[in-house]
Chemist: 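Sharing a structure, written as structure tokens. Questions coming.
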Amino acid sequence: MWALYADVPGWVRWDAGLERAELRGPFAAGSEISMTPQGQGEVRARITKADENAAFADETPFGEVTLRFAHTLEPVAGGTRVTHRVEVTGPGAEHIGPAVAADLPDAVAALVKLAETE
């Protein structure tokens, strides 16, 4: 599973909301990810945490609004629990958050399916 996270350009294989993704630097805290969501302009995020095989987090500022994503892997009997969480803060967060999080269940399901086949 960790290899799929670290393959940032490959995120388009499991996140249908992305046209493109690129990692600038190693898959580690402090590196930048540039992404192009479907039908939108480029977005830049900074990795704030990267604990191999356990969790990574990133943060994307949009003026006064900040999106923080947390991705965790937890060993459980028979496999791994995969959790993606998003926190949106700032003006309008109550409207932006649900829109940003709407496709998370589909993306996580596609990620898990891809991990099972690789």
Side-chain angles (χ1 to χ4, degrees):
M1 186 68 74
W2 188 258
L4 293 172
Y5 283 148
D7 176 22
V8 174
W11 289 4
V12 298
R13 296 171 56 206
W14 52 269
D15 189 338
L18 290 177
E19 288 179 10
R20 181 191 66 79
E22 178 184 329
L23 177 64
R24 295 186 175 135
F27 192 71
S31 291
E32 185 178 85
I33 298 170
S34 64
M35 298 169 278
T36 305
Q38 294 288 342
Q40 298 179 35
E42 182 180 79
V43 174
R44 293 186 180 193
R46 179 143 332 267
I47 298 174
T48 58
K49 175 182 182 175
D51 295 333
E52 189 169 353
N53 295 318
F56 86 93
D58 58 83
E59 185 173 287
T60 306
F62 289 103
E64 295 181 47
V65 175
T66 301
L67 284 73
R68 291 179 184 89
F69 285 86
H71 313 79
T72 58
L73 303 173
E74 179 185 356
V76 295
T80 302
R81 177 178 293 125
V82 179
T83 305
H84 287 197
R85 191 188 83 196
V86 62
E87 173 187 325
V88 181
T89 58
E94 66 278 4
H95 302 292
I96 298 167
V100 170
D103 68 346
L104 281 181
D106 292 338
V108 173
L111 172 64
V112 169
K113 184 175 181 178
L114 183 60
E116 291 173 342
T117 62
E118 291 199 355

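Because the structure is predicted, anything quoted here is derived from the model rather than measured.
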Chemist: Would a 4.5 Å heavy-atom cut-off, applied to side chains only, mark S34 and R20 as touching?
Modeler: yes
Chemist: Using side-chain heavy atoms (C-beta onward) and a distance below 4.5 Å, is M35 in contact with D15?
Modeler: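 Of all side-chain heavy-atom pairs linking D15 with M35, none is under 4.5 Å.
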Chemist: Using 30° and 60° as the class boundaries, would you call the ring planes of W11 and W14 parallel, tilted or perpendicular?
Modeler: tilted
Chemist: When rounded to the nearest 0.5 angstrom, what is the spacing between CG in N53 and CD in E74?
Modeler: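 That separation rounds to 14.0 Å.
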Chemist: In Å and rounded to the nearest 0.5 Å, what is the CG to CD distance from D58 to E32?
Modeler: 11.5 Å
Chemist: Can you tell me how far the OG1 atom of T72 sits from the CZ atom of R85, to the nearest 0.5 Å?
Modeler: 8.5 Å
Chemist: Heavy-atom count check: over 12 atoms from other residues, nucleotides or ligands less than 6.0 Å from E64 CD?
Modeler: no
Chemist: Output yes when a side-chain donor or acceptor of E22 lies under 3.5 Å from a complementary backbone atom of V8, and no otherwise.
Modeler: no
Chemist: Output, in order, the C-alpha distance, side-chain angles, deciding distance and verdict of side chain to side chain contact (heavy atoms under 4.5 Å, CB included) for V112 and M1.
Modeler: CA-CA 8 Å; V112 169; M1 186 68 74; 4.3 Å; yes
Chemist: Can you name the closest pair of heavy atoms from A50 and A28 and give their distance?
Modeler: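 That would be CB-CA, 3.8 Å.
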Chemist: When rounded to the nearest 0.5 angstrom, what distance separates CD in E52 from CG in L73?
Modeler: 10.5 Å
Chemist: How close do T36 and E42 get, heavy atom to heavy atom, and via which atoms?
Modeler: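 Scanning both residues, the minimum pair turns out to be OG1-CA, 4.2 Å.
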Chemist: Is the closest side-chain heavy-atom distance between E59 and T66 below 4.5 Å?
Modeler: yes
Chemist: Do R68 and T89 meet the criterion of a side-chain donor-acceptor pair at a distance under 3.5 Å?
Modeler: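 On atom types as modelled, these side chains qualify, holding a pair under 3.5 Å.
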Chemist: If you compare all heavy atoms of P98 against all heavy atoms of A93, which two are closest, and at what distance to 0.1 Å?
Modeler: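 Shortest heavy-atom contact: CD-O, 4.1 Å.
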Chemist: Over all heavy atoms of both residues, which pair between R44 and T60 is shortest? Give the atoms and the distance, please.
Modeler: O-CG2, 3.3 Å
Chemist: Please report the closest heavy-atom contact between D103 and V100, naming both atoms and the distance.
Modeler: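 Result for this residue pair: OD1-O, 3.4 Å.
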Chemist: Could you walk me through whether L111 and Y5 pass the side chain to side chain contact (heavy atoms under 4.5 Å, CB included) check?
Modeler: CA-CA 9 Å; L111 172 64; Y5 283 148; 3.6 Å; yes
Chemist: In terms of the angle between their ring planes, are H84 and H71 parallel, tilted or perpendicular, with boundaries placed at 30° and 60°?
Modeler: perpendicular
Chemist: Of the non-hydrogen atoms in P26 and S31, which two are nearest, and what is the gap between them?
Modeler: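 In terms of heavy atoms, the two residues are closest at O-OG, 2.6 Å.
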Chemist: State whether the side chain of R24 and the backbone N or O of I33 hold a donor-acceptor pair below 3.5 Å, judged by distance alone.
Modeler: no
Chemist: What verdict does the side chain to side chain contact (heavy atoms under 4.5 Å, CB included) test give for W2 and T80, after you've listed the backbone C-alpha separation in whole Å, the side-chain angles of each residue and the deciding distance to 0.1 Å?
Modeler: CA-CA 11 Å; W2 188 258; T80 302; over 6 Å; no
